[in-house]
Amino acid sequence: MSFYNHLKEETLKHISSLYPDIQDPNSFIEIQISNPQYGDYTILSAMKLAKYLKESPIKIANKIAEKFSDDIFSIQVVNPGFINISLKDLTLQNILRDFSIKPFLNNRESPKILIEYVSANPTGPLHIGHGRWAAFGDSLNRLLKDYGFNVQTEFYVNNYGNQMELFTQSIIARMKELLKQDFVFPEGGYLGEYVIDIANKILNKHPILTKEEQNLHFDLIKEEALNIALNEQKETLNNFGVNFDSFFFESKLHEEDKINKIVDILSSKNQTYRKDGALWLKTSDYLDNEDRVLIRENGLPTYFAADIAYHYEKFKRNFDIYINIWGTDHHGYIARLKSALKALGLPEERLIILLGQLVNLYRNKNLIRMSKRTGNMITLKDLLDDVGPDVLRFYLASRSLNSTMDFHIEKAKEVTMDNPLYYIQYACARISSIERNIAEQIPDNIEEYSKYIEGADELEIIKKIDNFDFFREKAVRDYEPYYLVTYMLDLSRLFHIYYQKCRIINDEKTVQWSRLLLITKVHEVLSKGLSYLHIIPLEKM
RNA sequence: GUGCCCGUAGCUCAGUUGGAUAGAGCGUUGGACUACGAAUCCAAAGGUCACAGGUUCGAAUCCUGUCGGGCACGCCA
């Protein structure tokens, strides 16, 4: 266990015994990494407790501090109620000796989480926005799993409705064009080049369509179009290191009559009414600012109705938490969906919708405006071919989901600190290189050499290694994998500084093995961090 | 107009569920390879945390307002 987690447990124990009346002592556990001049970790709990207990924070801090009987660190209470912890050198050596990365929830119950993400319309190729959800969702998945959650991932396929019809009509028009027949391109249809490719593929697969009237085979063409578009999306995602446990087809909800059922349930709960020939859901009784249509005047259900049915089915699967990753352009949709879940009596608080801001794509300093309709776009596949999956994933996952990001294609291809993945990779490559260069047999008990570590730079690195659990916990708490990216850059920096100053390969073997142990642990942590991004550390560059 | 997000160094961004003296990289200027990989390191310069109030032991962080930018406001999906 990291010292950080040890300190958390001890603090909890002491607060519980000092204040047995507090119902949720966990909510008062707050530990941060200190400003170096004050120590290594700082416990902020006394000041949180002071507000709650209406007692002087410094008194509380002193009481907590007295409870700590460990002699493995020094402890100091400072106004207005900071409890500063400074680790002794021997403790740091032991942290290095014992360090390993383990799931935090190892021996506890593992909550089940379903993450739904990407969920693009199967009407064309993925673009960089989908890439962002893919990179983020997959990293979140890997991070939560590593922490100990039981995670499954899902892609919701919107293969039903007007967009799919329009897509099919666009393909049929292109097929007719290829056959030199008269055709009318549908209004608002899909103009992208890829539609012609798909038309060609379908014609090659089904030569009979060249003779027959294509409209008679509308459903067949739609089915083929869906398969081609979806498989291309899957292939792109796979090349991006992103795979899903399940694909849920919207059409299934229609085929199995789930939508009518959900509408009936809502009606039976007196949550609907008729107006202007349509059936409305009383979402404004809950979180929404107006009511929404479930069944249109023409008798067809809305996308919203299908989405309610989808989430109703989702909730039947008994996960503890449902995470949806949506683009910010769907933010207006949250209130109505959560309202519908409330109307159904479902625990909507289990549905966590993470909104991602959009990505602006630049080439040669020009913003590229993309539109699937006009076909003016750079696809995710193009970017993967151009800059490669590692750089793309690193970049897309290295910023908060909540900040709009600019992606400059030229800069992503440069190998500079504008492209910090290489800074981390260079640290990994240097460590691998040293491992290759050490000719002797590495001793089995290399952990025991931790006691020869004593340089300030080295102890600094051990502290940073111990911080891994702190940042992982924070990333899990906020659903923000990028915290680990910032952490990896910091750790890499400490390594590069150290590397510059100290030789690892050394005639003095106790020094050599202790230093090798240290950088091996750095390597382990960096590898773990990169694994969340599905990036393999380089042994050579 | 209404709702959501954002505004930190010339640029791109960090900044600990509010915590101690706001930090990195790029770019600029100067320096370090006869030692494990110089894709590195060291140093300098660079700030009214958009602006104005408020909350409290403490605000870049929370609240209110103003200004600026992005997105969304369909019986499309």
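Each chain gets a letter, A, B and so on, in the order its sequence line appears, and its residues count up from 1.
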Reading nucleotides 30-46 of chain B 5' to 3', which nucleotides get B (base under 4.0 Å from a protein heavy atom), which S (sugar-phosphate only), which -? -----BBBSBBSS----
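- rG58(B) and rA43(B) have their P atoms separated by 35 Å, given to the nearest Å.
- Residue-level contact check: Ile29(A) touches the bases, meaning some heavy atom is under 4.0 Å from a base atom.
- Atom NE2 of His330(A) is separated from atom P of rG70(B) by 20 Å (rounded to the nearest Å).
- Side-chain proximity of Lys51(A) to rA77(B), rC57(B), rC71(B): nearest is rC57(B).
- No side-chain donor from either of Glu508(A) and Tyr452(A) sits under 3.5 Å from a side-chain acceptor of the other.
- Ion pairing between a basic and an acidic side chain is recognised when a charged N comes within 4.0 Å of a carboxylate O; Glu313(A) and Lys252(A) show no such pairing.
- Residues satisfying the side-chain hydrogen bond (donor to acceptor under 3.5 Å, both in side chains) criterion with Ser492(A), sequence neighbours excluded, are absent altogether.
- Residue-level contact check: Glu250(A) touches the backbone only, with heavy atoms under 4.0 Å from sugar-phosphate atoms and none from bases.
- Rounded to whole Å, the separation between the P atoms of rU29(B) and rA22(B) comes to 29 Å.
- Comparing rC71(B), rU16(B), rG19(B) by their nearest atom to the side chain of Leu358(A) picks out rC71(B).
- Phe471(A) comes within 4.0 angstrom of nothing in the nucleic acid, heavy atoms only.
- Taking only side-chain atoms of Pro80(A), from C-beta outward, the nucleotide of rC57(B), rU16(B), rA77(B) with the closest atom is rC57(B).
- With sequence neighbours left out, the side-chain hydrogen bond (donor to acceptor under 3.5 Å, both in side chains) criterion links Tyr426(A) to Arg430(A).
- Using modelled atom types, one finds a donor on one side chain and an acceptor on the other under 3.5 Å when comparing Tyr190(A) with Gln163(A).
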Protein-nucleotides 10-14 of chain B N/O pairs closer than 3.5 Å?
residue: rU12(B); atom: O2'; partner: Arg399(A); partner atom: NH2; Å: 2.9
residue: rC13(B); atom: O5'; partner: Arg399(A); partner atom: NE; Å: 3.4

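- The side-chain hydrogen bond (donor to acceptor under 3.5 Å, both in side chains) search around Lys59(A) returns none, not counting sequence neighbours.
- Using atom C1' as the reference point in both rU61(B) and rU56(B), the two lie 14 Å apart (nearest Å).
- Asn324(A) and Tyr156(A) are not linked by any side-chain donor-acceptor pair at a separation below 3.5 angstrom, with hydrogens and angles left out of the test.
- As rounded to whole Å, 13 Å separates atom C1' of rU16(B) from atom NZ of Lys8(A).
- Partner of Ser339(A) under the side chain to side chain contact (heavy atoms under 4.5 Å, CB included) criterion, chosen from Thr283(A), Leu281(A), Asp291(A): Thr283(A).
- rU17(B) and rG68(B): their P atoms are spaced 33 Å apart (whole Å).
- Between the side chain of Glu30(A) and the base of rU16(B) there is no donor-acceptor pair of N/O atoms closer than 3.5 Å.
- Heavy-atom nearest nucleotides on RNA chain B were determined for Asn84(A) and for Glu297(A), and the one closer to the 5' end corresponds to Asn84(A).
- With rC5(B), rU17(B), rA72(B) as the choices, the nucleotide that has an atom nearest any side-chain atom of Arg477(A) turns out to be rU17(B).
- Here the closest heavy-atom approach between residue Ala343(A) and residue Gln271(A) is recorded as CB-OE1, 3.7 Å.
- Tested against Lys314(A) for a salt bridge (charged side-chain N to carboxylate O under 4.0 Å, His left out), the candidates Glu348(A), Glu116(A), Glu154(A) yield a single pass: Glu116(A).
- rA20(B) has its base stacked against the ring of Phe82(A), the centroids being under 5.5 angstrom apart at an interplanar angle below 30°.
- Remark: the Thr42(A) side chain and the rA20(B) base include a donor-acceptor N/O pair separated by less than 3.5 Å.
- Between the side chains of Asp40(A) and Ser34(A), no donor-acceptor pair is found at a separation under 3.5 Å.
- Asp478(A) comes within 4.0 angstrom of no nucleic acid atom, judged by non-hydrogen atoms across all strands.
- OP1 or OP2 of rC6(B) sits under 4.0 Å from a side-chain N or O of Asn402(A).
- To the nearest angstrom, P of rC57(B) lies 12 Å from NZ of Lys54(A).
- Among the heavy atoms of the strands, none lies under 4.0 Å from Met164(A).
- Side-chain contact check for Tyr310(A) and Glu250(A): no donor-acceptor pair (N or O, by modelled atom type) lies under 3.5 Å.
- Relative to the six-membered ring of Tyr286(A), Lys342(A) misses at least one condition, a distance below 6.0 Å or an angle of at most 45° to the axis.
- You'll find that the side chain of His331(A) is closest to rG3(B), out of rG3(B), rC76(B), rG18(B).
- Looking at RNA chain B, the stems built from 3 or more consecutive Watson-Crick or G-U wobble pairs, each pair with its key distances under 3.5 Å, are B:1-7 with B:67-73, B:10-13 with B:23-26, B:28-32 with B:40-44, B:50-54 with B:62-66.
- Rounded to whole Å, the C1' atom of rC49(B) lies 11 Å from the corresponding atom of rG15(B).
- Of the candidate nucleotides rC5(B), rA72(B), rC75(B), rC5(B) has the atom lying nearest to any side-chain atom of Gln357(A).
- Across the protein-nucleic acid pair, Phe304(A) atom CZ and rC73(B) atom P stand 15 Å apart, rounded to whole Å.
- Rounded to the nearest Å, the gap between the P atom of rC26(B) and that of rG70(B) is 30 Å.
- As rounded to the nearest Å, rC42(B) and rA38(B) have C1' atoms that lie 13 Å from one another.
- For the P atom pair drawn from rC11(B) and rU28(B), the interatomic distance equals 16 Å after rounding to whole Å.
- Ser45(A) places a side-chain N or O within 3.5 Å of a backbone atom of Glu30(A) that can act as its donor or acceptor partner.
- Nearest to the side chain of Gln32(A), among rC75(B), rA77(B), rA20(B), sits rA20(B).
- The aromatic rings of Tyr487(A) and Phe471(A) sit tilted relative to each other, their planes meeting at an angle between 30° and 60°.
- Remark: P of rG74(B) and OH of Tyr333(A) are 13 Å apart, rounded to the nearest angstrom.
- As a whole-Å value, the separation of Ile334(A) CD1 from rC73(B) P is 13 Å.
- Between rC75(B), rA72(B), rU16(B), one nucleotide has an atom nearer to the side chain of Phe470(A) than all others, and that is rU16(B).
- Nucleotide rU16(B) holds its P atom 12 Å from the NZ atom of Lys48(A), rounded to whole Å.
- Of the side-chain N and O atoms in Arg296(A), one or more sit less than 4.0 angstrom from OP1 or OP2 of rA77(B).
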